[in-house]
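Here the structure is a predicted model, which is why all the values come from computation and not from measurement. Numbered from 1 within each chain, the chains take letters A, B, ... in sequence-line order.
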Protein chains: 2
Amino acid sequence: MMGWGSALCCIIALSLVHVSLGAKARHFNWEVEYMYRSPDCLEHIVMGINGQFPGPTIRAKAGDTLVIELSNKLHTEGVVIHWHGIRQLGTPWADGTASISQCAINPGETFKYRFKVDRRGTYFYHGHYGMQRSAGLYGSLIVDVADGEKEPFHYDGELNLLLSDWWHKGVHEQEVGLSSNPFRWIGEPQSVLINGRGQYNCSMAAKFSNPPIGQCKFRGNEQCAPQILKVQPNKTYRLRIASTTALASLNLAIQGHKMVVVEADGNHVQPFAMNDLDIYSGESYSVLLTTDQNPSRNYWISIGVRAREPKTPQALTILNYSPTSASRIPMSQPPVTPPWNDYNHSKAFTKSIYALMGSPKPPKTSNRRIVLLNTQNRVNGFIKWSINNVSLVLPSTPYLGSLKFGLNNSFDQKSPPDNYDSSYDIMKPAVNQNSTQGSGIYTIGLNTTVDVILQNANTLAKDVSEIHPWHLHGHDFWVLGYGESKFKEGDEKTFNLKNPPLRNTAVIFPYGWTALRFVADNPGVWAFHCHIEPHLHMGMGVVFAQGVHRVGQIPREALACGLTGNKHN
Amino acid sequence: MMGWGSALCCIIALSLVHVSLGAKARHFNWEVEYMYRSPDCLEHIVMGINGQFPGPTIRAKAGDTLVIELSNKLHTEGVVIHWHGIRQLGTPWADGTASISQCAINPGETFKYRFKVDRRGTYFYHGHYGMQRSAGLYGSLIVDVADGEKEPFHYDGELNLLLSDWWHKGVHEQEVGLSSNPFRWIGEPQSVLINGRGQYNCSMAAKFSNPPIGQCKFRGNEQCAPQILKVQPNKTYRLRIASTTALASLNLAIQGHKMVVVEADGNHVQPFAMNDLDIYSGESYSVLLTTDQNPSRNYWISIGVRAREPKTPQALTILNYSPTSASRIPMSQPPVTPPWNDYNHSKAFTKSIYALMGSPKPPKTSNRRIVLLNTQNRVNGFIKWSINNVSLVLPSTPYLGSLKFGLNNSFDQKSPPDNYDSSYDIMKPAVNQNSTQGSGIYTIGLNTTVDVILQNANTLAKDVSEIHPWHLHGHDFWVLGYGESKFKEGDEKTFNLKNPPLRNTAVIFPYGWTALRFVADNPGVWAFHCHIEPHLHMGMGVVFAQGVHRVGQIPREALACGLTGNKHN
């Protein structure tokens with residue numbers, strides 16, 4: 001069976017031994033531009049880096065300094081890149097968030113990102129301006145342990161899966177729809193991509209497909225031909241899996257193989273085995289895979305959509321046991337994703353994640369509790385997401401500069417509230433659906449311990465509450481617990497203070513709450529937001545400022561716009 | 001016959017008497033954003049102003065000061081607006097050319113354009129950054145005579161036609177194609193628009209169409225329903241016609257009516273009568289139309305493509321005599337555009353244009369002659385247009401600021417040459433097709449008289465030479481003459497120094513030359529370029545700097561980027 005032809009040139013290069021990486025400062029010259037590409041076999045323009053989509057994979061060692069000189073070769077658009085999961089200790093201006101940590105880089109200009117990757121882990125990077133992440137501006141950032149250090153688990157080889165979703169409608173048009181009245185939703189993605197590759201108009205597993213679809217026939221050099229994961233029998237592989245989807249919550253399964261989860265968002269977790277893995281936008285995992293199955297056949301790796309009624313086909317690739325031909329299609333149907341709305345399955349997975357013994361523990365108490373109600377609202381008739389009734393609108397002058405230079409006119413000086421009206425019924429659409437827009441921020445005392453309770457609620461539609469993966473910049477947080485319906489006094493007694501996982505992204509389930517704790521020990525201004533790109537675009541985020549007086553000299557180029565355009569440190 | 005139903009609500013409002021306009025400073029608050037629109041009955045996103053497409057018509061009186069506060073409501077793109085035909089005497093920073101006169105306005109920012117409209121005339125405005133003009137960012141700017149002044153011709157009413165062309169492919173994708181190797185041309189426009197309205201998938205004149213197409217059926221409130229030009233019998237109307245096409249050269253004819261040309265690019269011309277009018281991108285005309293035909297029927301106004309093999313249907317609307325129903329379709333076929341390659345027809349029209357007696361005359365001699373060879377080339381394999389072998393690349397810091405502050409690093413300090421290799425054979429593709437890119441400029445002595453000879457040539461393809469309408473910012477020029485093949489010593493003897501028309505845009509015909517003269521009396525930095533949007537994008541322009549030391553205080557906001565970001569006057 002040679003269903004998709006010889007795909008040898010797409011096989012991921014493997015290293016069966018750890019590669020020694022050496023130097024401490026790693027320089028990259030990157031150019032961002034649109035280019036033609038066929039991510040899912042249909043041609044569109046994507047945002048690429050140095051002609052690559054996804055962008056180049058950065059591979060570094062803990063303790064290294066990365067220097068990325070990012071040149072904007074777009075014609076009329078600004079650009080920034082956020083280094084997702086890197087805490088930017090001492091370098092808040094390098095966080096790559098437009099309007100927050102820096103000015104967007106103008107067309108023709110170059111900005112130098114210089115920061116330390118202080119800790120091993122599976123990370124990624126992506127655009128953080130408008131919806132440029134959706135346009136394809138992303139790539140992997142992998143930090144190995146420092147020389148002489150070891151991971152607390154053994155593996156023989158490594159495979160990297162960067163997951164994303166893809167629309168055929170361009171992001172500018174998506175943005176217009178989201179900002180229109182009447183509102184136009186972007187809809188479900190046309191394709192899920194694995195390392196930037198998906199198949200829209202054919203299937204790798206056509207003979208198992210319902211409804212019927214043609215069998216993909218690849219020579220192997222197509223831009224949408226899947227990357228085959230080639231493995232040796234009886235070895236242990238580390239799969240690094242990260243999701244930079246704009247919308248989709250995903251579930252990954254490997255036919256006939258269990259996965260042992262060992263890392264989440266750059267932090268070690270207590271190993272546990274799963275048949276399938278839920279992953280939300282903004283999250284990363286490492287799982288160990290033992291190639292203990294029949295080596296004379298191949299196995300599906302399948303990725304399906306969760307938590308939204310899926311209208312997107314499964315993404316597929318092949319786990320190819322050497323020396324079996326990579327083009328031999330597995331004999332049975334690819335693993336089927338659990339039902340999209342089987343939240344019990346999702347919760348069971350999420351709640352199985354604990355910090356590895358010996359991990360940093362949270363402070364026993366917190367200094368402040370911020371309860372953030374997530375609601376869908378209308379502002380002047382436009383549909384928005386709001387947090388405690390404020391829909392975030394980013395200012396044109398970055399907060400970091402405004403705070404550093406005391407420019408009070410550049411954003412709303414009133415902070416949004418630490419809580420919401422206790423009479424609000426989260427189980428129903430809001431009685432008053434109108435909300436406000438604002439650019440106010442939360443000012444957090446330096447080195448204080450903050451609890452954040454993310455409170456989900458019903459959307460504007462009856463009986464609908466959605467999943468939101470919240471991502472914090474500049475810090476990890478401990479996930480202290482999840483609960484159903486409204487968080488109430490006493491629920492903090494259920495918090496896991498013993499071995500809560502450290503993460504940078506955590507999900508809220510429909511009609512539920514999620515409790516996080518973090519220590520505000522990183523001077524700067526940091527975004528905390530739903531990682532669903534259109535949700536953030538619709539205002540679903542807040543901003544935390546802490547100890548900006550302790551921030552060092554900000555590179556002039558980071559503030560070359562708005563009211564800070566003529567300021568010097 | 002009620003072919004397209006009642007279109008009454010689309011009838012252009014007329015004033016049969018001159019409206020008194022009054023005040024001297026006119027303030028406008030404009031917001032630029034993308035919006036959904038169906039310019040030719042198919043929905044796409046267009047760049048609009050205050051929710052309007054085309055943007056609002058500005059109506060002013062000679063001597064007025066316009067103050068336009070332009071807010072950029074785009075999500076990631078900068079924006080500027082150029083006031084085409086306004087010379088910006090003393091206000092070079094308000095010319096609205098990104099990289100030349102100012103920094104692009106960042107998203108969320110507002111820039112105040114403040115300038116005097118010193119002279120009556122038919123003008124327009126449009127985006128001048130990337131290909132935002134193609135995206136729909138344009139509108140009319142009409143300056144009436146000052147109080148107490150009179151036009152040297154009489155008319156009873158006025159009609160305004162702003163012409164443009166439209167592609168279904170978005171401009172970002174167009175830009176990618178033009179910047180790709182292999183090159184991808186944007187192709188011919190899908191539609192020609194009259195005041196932002198065209199019909200792609202139907203025709204107003206279906207019964208005369210070959211190939212067959214459906215009859216448009218409009219209720220009248222559709223975004224693509226034509227604006228009907230309603231007239232009274234036995235009156236004289238001034239039609240103001242301007243072309244802001246991205247590519248198309250156009251020809252306009254009104255069934256059964258002659259047009260008397262009285263104005264070109266804001267300057268009075270010796271009146272002459274024509275059956276049809278050629279208009280190139282960047283040009284404007286006023287023509288007088290006498291409604292002396294049978295008032296019981298209506299008449300086609302048709303606009304077709306010239307100078308490129310037309311793949312775009314004629315644009316149509318109706319001249320509707322009162323009290324005949326606007327929905328009565330004319331009984332015969334719309335006027336047919338002359339054959340696209342009948343250049344004799346075009347030349348005859350162009351050469352019929354002379355300045356009205358009493359207009360300013362050119363100096364008898366010039367201080368400098370700059371001969372600009374227009375060639376199509378390759379630069380590192382990419383297809384470009386070059387002028388004297390240099391393809392223009394705009395710097396990220398605007399020239400005006402760089403020159404004012406003596407910042408030598410922001411653009412190439414070497415000027416491009418004043419002439420080209422005399423052995424170059426303009427009748428054939430270049431022997432050496434390779435060219436260079438550069439950001440060097442021409443420095444012109446203040447108050448010197450400059451002759452520019454635009455020299456056309458063969459493109460990269462055999463036996464092809466194209467039309468290029470060249471537009472000068474900050475000045476009018478006298479069009480001294482046109483010639484065939486290579487301009488040679490002695491050809492200056494043929495120059496018309498007696499009554500050459502003053503214009504801001506002049507065309508070069510295939511394999512020919514066009515001679516212009518202007519006085520460099522306006523301190524600033526001024527673009528001079530082919531007004532075909534993709535050609536400029538491909539480098540087809542030069543920059544003239546003159547007397548920048550005499551430029552007054554430049555508003556800080558105009559220079560809030562690049563190397564001028566922290567400079568003060």
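F111(B) and Y113(B) have perpendicular rings, their planes meeting at more than 60° on a 0 to 90° scale where under 30° would count as parallel. Between W185(B) and H535(B), the two ring planes are tilted [angle within 30° to 60°]. The aromatic rings of W166(A) and H44(A) stand perpendicular to each other, their planes meeting at an angle above 60°, with 30° marking the opposite boundary.
Side-chain contact check for H128(B) and D95(B): no donor-acceptor pair (N or O, by modelled atom type) lies under 3.5 Å. Using a 3.5 Å distance cut-off with no hydrogens or angles, the side chains of S164(A) and Y138(A) do pair a donor with an acceptor.
The contact between H537(A) and chain B is made entirely by side chain atoms (from C-beta outward), counting heavy-atom distances below 4.5 Å. The part of A560(A) that comes within reach of chain B is its backbone (N, CA, C, O), which places non-hydrogen atoms under 4.5 angstrom from that chain. With a threshold of 4.5 angstrom between heavy atoms, E557(A) does not approach chain B through any atom at all. Only the side chain of S179(A) comes within contact range of chain B, with at least one heavy atom under 4.5 Å from a heavy atom of that chain.
For the pair V32(A) and M47(A), the minimum side-chain heavy-atom distance is below 4.5 Å.
In terms of heavy-atom pairs under 4.5 Å with chain A, the best-connected choice from A104(B), G177(B), G170(B) is G177(B). Chain B forms more heavy-atom pairs under 4.5 Å with one residue of Q132(A), H172(A), E33(A), M131(A) than with any other, namely H172(A). Here Y36(A) is the residue among Y36(A), Y34(A), Y129(A) with the most heavy-atom pairs under 4.5 Å with chain B. Per-residue counts of heavy-atom pairs under 4.5 Å with chain B were compared for P107(A), G108(A), S396(A); the largest is that of S396(A).
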